[in-house]
Every structure is written in C-alpha cells, then in structure tokens.
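If you're wondering where the values come from, they're calculated on a predicted model, not measured in any experiment.
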Amino acid sequence: MDEIVAYKTADKMERRASSTDKKALDRLLAPRSIAIVGASEDVQKLSGRVLYHLQKHGFKGALWPVNPKRDKIAGLTCYPDIASLPEAPDLAIVALAPDASVAALKALAKRGASACAVLSSGFAETGPSGAALERELVKISQQYNIVLLGPNGLGFVNAFNGTVATFSQYAEREIKPSSVAFVSQSGAFGTAIASLARARGLGLGWFINTGNEAALDVWDLLDAAIDDDQIKVLAAYVENLGDGRKMVRVARRAAEMGKPLVITKVGNSSRGAAAAAAHTGALATPARLFSGVATRSAIISAADERDMLNAIEALVRAGEPAGKRLGIVTMSGGAGVLMADLVEQLNACLADLSSATVKRLQEFVPRFGSLSNPVDITAQFLAQPEILEQAILALQDDPEVDCVIVWLQMMDGHGVRLAASLARCRDASKKPLLISWIAASPPTLAALQAERIATFDNGSDAVRAAVTIADRLDAIESFLDAPAPALHTPEPRMPRILSVEEGAVRLKDSGVPLAIAELATDADQAEALVRSGGFYAFKIASADIGHKTDIGGVILDVEGGAAGRMAFDKLIEVAKVHCPNASIDGVTVQKMVPEGLELVFGARYDAAFGLVVMLGYGGVFVELLGSAEFALAPISVGQARRMIDALPAQSLLDGARGTPPVDRTALANLFARFSEFVAENSGSIAEIDLNPIIVRGDTVLAVDWLVSWAEPKP
C-alpha cells in the first residue's frame with residue numbers, strides 16, 4: 001500500500017502535463033465523435049451501458065463501436081480494431097482489462113485521438129502492478145498529448161450536448177441540463193449526490209467522475225467548467241486534495257468570473273493529531289487547513305452532501321445576497337425564535353426593519369401576530385392569502401434587508417396557489433427569497449420546483465444556506481486583493497530548530513517586534529542579569545527542545561539575584577531529566593512585559609498547500625478555545641482582518657482582564673507583513689511559532705519564538 005500512496009503523490013504536476021491542452025479538453029467534454037472500445041450490446045457490461053446511454057440520451061455525433069467479434073452493435077457499424085475507424089475520434093471510451101486498456105490507448109494515440117476516458121479498474125487502486133500499468137497510461141497520454149480521464153472511473157455527462165458517456169445509474173433516468181457543474185472523486189457517492197440534485201429538480205449540466213486522476217484531476221475539470229458560459233455554479237466532492245495551491249488558483253479564476261465554487265471535502269479527520277501544545281504543527285490538522293484556506297479563497301465549504309445541495313439550491317434559484325441582514329416571515333412564533341437563535345450563532349444578523357416597513361406591516365398583520373423581525377403573520381393568511389405576499393414584499397422593499405426567508409408548514413391544499421404567489425414575490429425583487437416548508441406534500445414540492453423557488457425542508461437549512469453564500473461574497477474582495485499563490489513551493493530540506501539568538505536574526509524582517517532575550521550559560525550570569533530589579537522570565541535554551549512548556553522549561557516572575565540562580569539550576573535539572581540527550585545552551589532570560597492578550601502567529605510547510613500561516617490565541621486560551629485560523633501565504637490586509645474577526649470569543653479582542661482593546665487594523669497589517677515574510681523565505685521555513693505574542697492596544701511584542709529553518713537549495 002505504501003507504493004500506491006507514493007505513486008499517487010509523486011510528481012503530480014509533471015504527470016498532468018497533458019491536462020493543459022484546452023482544445024483536447026473541449027473534445028473530451030464536447031466530442032463530435034466517440035469510439036467505444038470493447039463495445040457490447042449487453043447493457044450489463046460497462047461498455048454496453050455507455051453505448052446504450054449515449055443512444056438513449058440522443059448524442060448527435062458519430063458513434064463508432066470497436067469489437068472484433070461483431071459487425072454491428074445496437075444498429076451501428078462495428079469496427080474490428082482502432083486502426084479501422086473512419087477517422088480519429090475526438091473521444092474514446094475504453095472499458096477493457098488493464099493490459100488491454102494500455103494497448104488500446106497506444107493504438108488510439110497512433111490513430112490521432114484527442115481524448116480518452118478509461119473506465120476500467122485494476123490500476124493504482126489495486127497495488128504495485130496496477131500502479132505500473134497506470135504509469136504506462138500516463139506516459140502514453142503525455143507522449144501523444146491525449147487528454148486522459150480516469151482510469152477506474154464511471155465516465156461523465158455533459159447534458160448540454162447529450163454526451164452521456166457513463167455507465168452510472170444516474171443515466172438511467174431523464175437528464176435535464178442546468179447551470180451546475182459537479183465533479184466528484186467518488187463514483188458511487190457522486191452518483192448519489194447527482195441523483196439527489198435531480199430529485200430536487202436542480203439537474204446538472206456536467207457530472208464528471210475523475211476516477212484515479214492519473215492525469216486530469218478535479219481542479220482541471222472545474223477549471224474547464226469556468227470557461228463554459230452555460231455553467232454558473234461549480235461543485236465538487238473531494239477525498240484527496242492533491243495540489244492545494246492548484247485549488248486556490250481555480251478558486252481565484254472562479255471568483256474573477258463570478259462563479260461560486262462549492263466543495264465538500266472529506267477525509268479531514270486526523271487520528272492522533274490532538275495535541276495540548278499550542279504550536280502550528282499541532283493545530284494544523286487537515287480539517288483546519290482546508291477550512292481556513294477555503295474560507296480565505298471564497299470557497300463555500302459544505303460539510304456534507306446536504307449542505308452542498310442546499311448551497312446549490314440557494315445559488316441557482318435565489319441568487320446571492322448583498323449581505324447577512326436577514327428578514328424572516330413566519331406563520332409560527334416558535335419557528336421564528338429558533339431561526340433567530342441560529343442567525344446569531346452564525347454571526348449574521350436579523351435586519352432592523354425601518355419604521356416605514358413596520359408601519360406598512362401594521363396595515364395587514366393580525367394584532368396577535370408580530371411586527372418585529374421575525375415577522376409572525378400567523379395562520380391568518382390562509383383565510384387572507386394576500387397577507388403572505390404583502391409581508392414578503394414589504395421586507396424585500398426594506399433597504400435594511402439583504403435576504404428574505406419564509407417559514408411555512410404542511411397546508412396540503414394550498415401548495416399550488418402559494419407557489420404561484422411566492423414566484424411573484426421572487427420576480428418582484430432582486431433580493432434572494434428562500435422558502436422553508438415543513439412537511440410539504442409532493443404536489444406542493446412539485447409546484448415549488450416548477451416555479452424554480454429555492455425550497456428547504458426546515459428553517460435551519462434555509463438560514464445556513466443564506467449566511468454561507470453571503471460569507472462567500474464577503475470574502476471575495478479581500479481574496480482577489482491578495483497575491484496569487486506560487487505555482488510551486490519548494491519543500492525545506494533537512495531543517496533544524498534554531499537557537500533563540502539565531503531565530504531572532506532570521507525573524508528580524510518579519511515585522512513582528514521581538515522581546516530582548518539574553519543567554520545565561522551559568523548560574524552566575526543568570527544572577528547578574530536579574531540584579532537590576534523587576535521580574536524576569538527564564539526559559540531553557542536548547543535547539544533540541546522545541547516546545548519548552550511541554551517539559552516545564554519555563555519559569556515566570558523571577559525576582560532578585562538569588563531567585564535567578566535557583567531558577568537557572570532548576571531549569572537545567574528539568575532539561576536533563578526530561579531530555580537527557582538534548583544539547584543545552586543555557587537559559588534565556590527576558591524581562592517580563594506588561595500583561596496583555598496572548599496571541600500566536602505561526603507558519604509551516606504543508607505538502608498540499610505549501611506555506612501556510614496561522615493566527616490564533618496563545619497561552620491558556622488556545623487550550624481552552626482550541627481554534628486557529630489558517631491561510632495560504634501571503635495574504636492581504638483584508639484577509640488578515642477577516643481572520644482576526646473569525647476568532648472565537650471576540651470579547652477577548654475587545655478588552656480582556658482589564659487590558660485595552662486590540663487595534664485590529666494594526667494587528668491585521670502586522671500579520672499580513674508576517675505572511676509576506678513567510679512567502680519571501682519559501683524553501684527555508686519548515687515551521688515558525690511566535691507564541692505568545694503579547695498585544696496591548698496597538699502595541700505588539702513576541703516574547704517567545706521557535707524557528708525551524710533550512711538553507712534553500714541552490
């Protein structure tokens with residue numbers, strides 16, 4: 001299995017050289033001719049199902065079955081071999097045994113084919129021998145510049161042109177094109193998501209399974225979708241992130257083109273990653289890294305298939321709100337309270353309705369209802385249907401409202417009529433309108449889908465969808481302001497932990513002020529350093545001990561020469577007990593600084609993303625709150641500010657334990673400069689921790705630092 005993993009992660013950029021040919025990609029996704037190599041009339045076989053689906057869904061181009069045992073298949077002329085094809089196909093579908101698939105790709109290459117989708121399994125997913133065959137596929141595709149999808153995939157659907165080149169069960173039913181492109185690394189689960197989208201009446205314009213991603217990967221195909229004017233929303237189910245910097249580049253293009261990108265990323269758990277130490281490496285779990293980079297990159301990160309489809313539903317049928325000020329209309333006061341609670345938890349807000357809107361509502365809302373937001377119109381509107389429509393229009397017209405959510409329940413006999421009313425409201429305003437309809441009957445759902453109204457089966461999903469989409473819009477400006485990530489970040493080779501003095505030298509251009517640190521190599525020096533009065537911090541000095549607090553290697557509030565001598569001796573003894581093989585330089589002595597909020601700045605090299613930076617609370621707060629914000633270096637000041645504002649317990653930043661409030665603008669500028677320093681030292685930085693950084697108002701001082709540094713390769 002180690003060989004499989006090594007193959008899948010090695011030289012990805014080089015092995016995907018063939019994926020950059022845009023014309024060949026167009027021929028893959030919009031072919032004029034398709035050869036089905038190993039075609040069959042048996043719809044129980046992969047190649048039989050592909051041909052059946054292409055014919056069933058009306059593919060308009062030429063279909064050329066290839067099978068030496070047949071003269072005709074499904075009413076089409078069957079060719080004995082690839083060389084006999086009337087011309088080079090735009091796309092070839094290969095469903096043969098692994099060895100035969102390699103031979104077929106070579107024959108297709110010599111025939112001049114542009115693109116190939118290998119559906120067969122038995123490649124890198126099976127072991128070393130399969131991985132060797134997959135490398136052969138890649139070698140041929142690169143040599144002859146053939147775009148290669150798969151292997152071990154179920155193919156794809158381009159619903160706009162009838163290219164239903166898949167054996168997926170999704171193709172068994174009617175396929176209606178929509179403005180959504182969905183790319184999945186999982187065949188079975190991807191099919192399930194596609195089927196759920198169809199059940200909602202959403203449809204998919206593209207549905208692509210990437211299989212083993214020997215050449216084309218999920219980011220290549222999303223990048224291609226950005227160029228299709230028919231596609232307005234991008235979505236992906238991702239198990240293996242691959243090159244995270246490539247994801248960010250695709251996200252940037254999507255943001256520039258105004259196309260939202262929704263990603264469900266699984267495989268984020270990190271067994272054994274829990275660590276009490278507050279340092280970058282311990283906190284940089286896969287989930288946190290992905291979430292942080294995705295948020296900074298204006299990607300909608302969906303927790304699961306339900307969240308993904310909810311976001312798509314809102315984007316396609318309601319559009320994007322200008323902000324997070326929500327207006328809620330409900331027929332139940334209790335439902336309104338529940339939704340209001342969630343709005344606050346998600347850091348959104350209920351709009352403060354203008355006096356004009358309240359006056360307008362007074363004219364028709366029952367006296368036993370509520371005129372405040374959420375607006376409770378009660379069930380009275382069933383007797384007076386105009387009440388619902390008037391309430392929605394009133395909130396839509398209020399300049400303080402960015403998005404309107406309506407909560408309804410059951411009402412089986414009123415669904416069709418209300419769907420038409422809701423459609424009129426939606427068409428009357430550019431503001432998004434989302435409907436939460438509890439226990440809606442099938443005819444009601446059908447009517448809502450027919451009217452293309454964004455509908456959810458509970459209030460919480462509607463609120464989350466609205467806020468999630470607003471968050472994306474909020475992130476776009478600062479994301480596009482940030483420098484584009486480097487194409488490749490070299491991995492630091494043989495880094496070492498620097499001494500405090502060496503680390504300070506390396507950090508001098510980071511922009512972060514460092515507290516003065518003096519080294520005592522014996523008890524006499526330690527005693528002399530603290531004779532001037534005041535309180536001091538003593539820390540064991542050793543490049544072999546990265547995180548000193550883990551072993552009790554820090555003593556605070558040392559006062560007086562005798563206390564300095566005792567602290568020195570104690571730390572040396574602690575280090576010998578806990579780290580007997582460590583090389584001890586002595587003890588670092590620093591004057592204690594005034595109390596303030598403790599933060600941590602961090603940076604580390606990550607195999608998927610390259611250099612990432614971290615911002616979080618330091619000291620005891622990181623253990624209590626256990627959170628940190630991550631981003632790809634470098635970042636803009638706007639992104640830094642968003643990271644600060646995303647930290648939990650914002651009251652700490654507003655003034656904790658009698659300290660002055662943090663100057664967020666100054667802190668954002670400093671962290672952005674730190675991220676630039678990190679990017680400037682690509683290839684050298686393995687890990688940096690500035691922890692804690694003491695912040696009082698606009699004053700910032702790092703009192704401890706760990707730097708793991710490598711000399712860059714020539």
Side-chain angles (χ1 to χ4, degrees), residues 275-283 497-504 507 512-523 525-602 616-626 628 657 687-696 700-708:
H279 60 94
T280 314
L283 291 171
I497 295 176
L498 304 183
S499 68
V500 171
E501 293 79 9
E502 289 177 301
L507 291 169
V512 182
L514 307 178
I516 296 173
E518 298 184 84
L519 180 67
T521 58
D522 57 40
Q525 284 184 310
E527 181 178 351
L529 286 172
V530 297
R531 279 179 182 165
S532 58
F535 294 91
Y536 290 81
F538 276 47
K539 307 169 188 178
I540 195 69
S542 170
D544 297 326
I545 303 174
H547 299 284
K548 297 174 279 294
T549 54
D550 293 355
I551 65 163
V554 177
I555 299 176
L556 303 179
D557 295 320
V558 177
E559 182 184 22
R565 176 178 290 275
M566 291 174 59
F568 180 94
D569 291 339
K570 182 176 180 180
L571 289 177
I572 296 297
E573 183 62 28
V574 164
K576 288 179 179 178
V577 170
H578 290 280
C579 303
N581 298 320
S583 175
I584 308 299
D585 298 322
V587 169
T588 301
V589 180
Q590 292 174 297
K591 195 155 191 176
M592 296 286 291
V593 301
E595 192 176 67
L597 179 63
E598 295 185 359
L599 296 178
V600 53
F601 286 6
Y617 293 116
V620 296
F621 290 119
V622 76
E623 297 175 9
L624 293 172
L625 300 171
R657 297 179 296 176
E687 185 172 356
I688 292 176
D689 291 300
L690 298 169
N691 183 23
I693 293 175
I694 307 298
V695 183
R696 288 180 58 86
V700 176
L701 189 66
V703 299
D704 202 0
W705 50 91
L706 177 146
V707 178
S708 181

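- Side-chain contact check for D569 versus R565: some heavy-atom pair is nearer than 4.5 Å.
- Taking each heavy atom of A526 and F538 in turn, the nearest pair found is CB-CE2, 3.8 Å.
- Residues D550 and I545 fail the side-chain proximity criterion, which asks for heavy atoms closer than 4.5 Å.
- Here the OG1-CG distance, from T549 to D704, works out to 8.0 Å after rounding to the nearest 0.5 Å.
- Taking CG from L706 and CD1 from I497, the interatomic distance works out to 5.0 Å, rounded to the nearest 0.5 Å.
- A distance-only check finds no donor-acceptor pair linking the side chain of S499 to the backbone of A543 [under 3.5 Å].
- Across every non-hydrogen atom of I694 and E595, the tightest pair is CG2-C, 4.3 Å.
- Within the 4.5 Å cutoff, no side-chain heavy atoms of V600 are placed close to those of Y617.
- Atoms CG and CD, on L556 and Q590 in that order, are 10.0 Å from each other to the nearest 0.5 Å.
- Side-chain contact between D544 and C579: absent, with no pair of heavy atoms (C-beta onward) separated by less than 4.5 Å.
- Counting only heavy atoms from C-beta outward, the side chains of I572 and I540 approach each other to under 4.5 Å.
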Please assess L519 against V500 for the test side-chain contact (heavy atoms from CB on, under 4.5 Å), listing each intermediate value before the final yes or no. CA-CA 9 Å; L519 180 67; V500 171; over 6 Å; no
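- The shortest side-chain heavy-atom distance between M592 and D557 falls under the 4.5 Å cut-off.
- Atom-to-atom distance recorded for L701:CG and L690:CG is 10.5 Å, nearest 0.5 angstrom.
- Checked against F568 for a side chain to side chain contact (heavy atoms under 4.5 Å, CB included), the options V558, V530, V587 give a single hit: V587.
- Side-chain contact between Y536 and L529: absent, with no pair of heavy atoms (C-beta onward) separated by less than 4.5 Å.
- Qualifying side chain to side chain contact (heavy atoms under 4.5 Å, CB included) partners for L498, counting only residues two or more places apart in sequence or in other chains: R496, E502, R506, V707, W709.
- At a threshold of 4.5 Å between non-hydrogen side-chain atoms, the residues I688 and L507 count as touching.
- In this structure, CD on E518 lies 10.0 Å from OG1 on T588, to the nearest 0.5 angstrom.
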